[in-house]
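Input: a single structure, listed below in structure tokens.
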Amino acid sequence: MQIFPAPTIGVVAAAALIVVLAAGVAVERLEQTALKSTPTAGAAVTPPTPSPGIQRARVTRQESRVLEGWKADSARRTRMLLVIGTALGLLLAVGGGFIVRAFGVRVRAEDDLKRQQLLMESVFGGIRDGVVAADLKGKFLIVNPAAQAILGVEEEPDPARWSEHYGVFKPDTVTPFPPEDLPLFRAMQGEATDDTLMHIRHSRLSRDVWLSVSCRPLRDHEGTLCGGVVILNDMTSRYAAEQNLRLSEERFRALLESAPDAIVIVNPRGRIDLANAQMESLFGYTRPELIGQTIDMLVPERFRGAHAGHRSGFTGAPKRRAMGEGRELFGLRKDGSEFPVEISLSPMEGPDGISVTAAIRDVTERKAAEHKLVQTIAELKRSNDELEQFAYVTSHDLQEPLRMVTSYTQLLATRYSDRLDGDAREFIAYAVDGSTRMRRLIQDLLAYSRAGTSEEPRGRISSEAALTVALANLEGAIQESSAIVTHDPLPTVSMRHSQLVQVFQNLIGNAIKYRSEHIPRIHITASLHPQGYVFSVQDNGIGIDPEQFQRIFIIFQRLHGRNAYSGTGIGLAICRKLVERHGGRIWVDSEPGQGSTFHFALVHGEAA
Amino acid sequence: MTTPRMGRSAPPIEVLLVEDNPGDVRLTREALRGTHIEHELHIASDGVEALQFLGREGRFGEATRPDLILLDLNLPRLGGRDVLQTIKSDPALQTIPVVILTTSESPRDIAQSYQLRANCYVTKPVDLQTFTEVFHFWLSIARLPQEASS
């Protein structure tokens, strides 16, 4: 195998080494020129060296630099030049190998070549960036594993089809990259470009890839263009982060501008950093007029002193909250007018202190509505009070003249009884009867207007105790009618004791009054419903025509002639008023001749 | 009616009625007459007149000190409450029993009257008989103070 003597191989190897070294020196020079234009990166640059071992270490250092930051332009350029240098050196070495072989020098050249190739593979294999070198025809000379991963498909020999084949698009992600503008193609034309951004989208790839591509032409030892090389820097994750940042910034903007509230961000020095469009329309200032100004310009003068104190108080103990709880807040427009506002604050910890985001809402309309509501309620209450007062005073004052009529008619009847004839006595009887009834009506009206005005506190009371009192009050009527009144266990309810007594008394009194020919049997029950208790008072009396169910609860509405049943028709009206005053309601189930059941519902009180 | 408390020779009981309604004045007069107890009824038709009577002012210069005052609450010019307060805060008058005689059944009126040291609160009864019974109590059962000073 050893056709050529060792000295010959040594000469060839030395020549190759010199070429590589020369290339390295050339590269260094080039680099220094580049350094002059990018002085900041100088410290990080180490001149390339022909020694493969050192080169490898250098590449590793470059690797770590890649990790540190992608922006080190010159570092990347250095790396590329290194690659070019290496490639050139290798080409020359291979060329040298050819010459050696042409001369039949085969000796240990193959072993050296193999070693070189292994070295090259390990260098390119270790680079995270993709490296692709092609000859002038577009045949790939080098595709390192990183490039393989990015391109991912079989080699396409025709440069005109590269864009389509590898799925290369412009940064807008839709325009196919023009093949003649592809960096590798341009490098093959002798051009050098840096940082061309492109988008790779291909069905073979699991995700879209963003690349920053730089290229350099390849020249042989005579300086003749022999191909091109590109470095593919995968920017995808970096680009995605940027995209996300942009997206979240866009979202923030959109949110800021679409929020119904005016939003302003105030920096730690109390000046406006940011304001949305609603701020402009609310306060009448344009954004340029607002940004950088102190927030106090939006606060009416009389509040400014206190406002500064509140502001430092807030940043001293920041937490999300509504501003000035319990206080009326006002904003000051550019035109000097004031308007009521509601403000919620949230702190933002920044590098130079706490900024505050304030959402400001004009509550003029709400305040007006609230005011109107309060007014309406007050008016309603007043009119209600007035009505009650009216009923009370009227019935009270009506009694006065009536008392005169009654008293003097009585006086007439007693003092002149021996001088009056039958007609006169009859007339007087009618007058007395009329005024007595009128008095009764007035007293009932008075009772109705007073019902529910008790100042007795509403509390939890035993309905059974109330029933007991009511039955005691009705003792006379119960005995007289031999009525049998029974009841189930009754609950504790939220109502006024005296009023529940009255409701029971009126209902049971009615049951006795409107009894049939049978002995009155009255049964009281209570059942629990989601909203409260429903009480039922069931009797076996004469019953009520369903057509009258509504009418019976209206004051002075009577279903029967005065001669059949006494009373003015006030009892059920009072029951209804009392029950409704407690948020409940009252109704009746009945059929003529079948008895009646009066129900009333009492809603659960606050303590229920 | 009998008058066990005093003989026929005893001086009549002086009663001052403060009342603006002539109808009520007459009814009161009738009711008092029904007691068959000797008395003298004086009328003041409003609060101002009542105080003039008690202070023997103007046309009441010759007025006597009443043994009993019947006082309506609703009076023109000066109300019954003010009259009551004046009487009860005047050492010369405060011993005279004051019977409030009114149409009001309001618990507030009742409470306030006793707070102002009324001696009795009576809602004007409709029937004359009851009216008479009230006066019978005051004129013949209750003991009235002798004139404290003059």
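What you see is a predicted model; the values in this text were computed from it and never measured. Side chains are part of it too, since the values below use all heavy atoms of this structure and drop only hydrogens, waters and symmetry mates.
Within 6.0 Å of the OH atom in Y114(B), the count of heavy atoms belonging to other residues, nucleotides or ligands exceeds 12. In Q550(A), the CD atom is not crowded: 12 or fewer heavy atoms of neighbouring residues, nucleotides or ligands sit closer than 6.0 Å. Few gaps surround CZ on R581(A); more than 12 heavy atoms of other groups in view lie less than 6.0 Å from it.
At a threshold of 4.5 Å between non-hydrogen side-chain atoms, the residues R415(A) and E30(B) count as touching. Counting heavy atoms from C-beta on, the side chains of S407(A) and L27(B) come closer than 4.5 Å.
Counting only residues at least two apart or on different chains, the ring pair (Phe, Tyr, Trp, His ring centres under 6.0 Å) pairs with a member in residues 45-80 of chain B are H42(B)-F53(B), F53(B)-F60(B).
Between T102(B) atom OG1 and E400(A) atom CD the span is 7.5 Å, to the nearest 0.5 Å. Once rounded to the nearest 0.5 Å, the distance linking CZ of R403(A) with CZ of F131(B) reads 6.5 Å. Atom-to-atom distance recorded for M404(A):CE and D24(B):CG is 3.5 Å, nearest 0.5 angstrom.
With sequence neighbours excluded, the residues satisfying ring-ring contact (aromatic ring centres under 6.0 Å, His included) with F535(A) are F504(A), F600(A).
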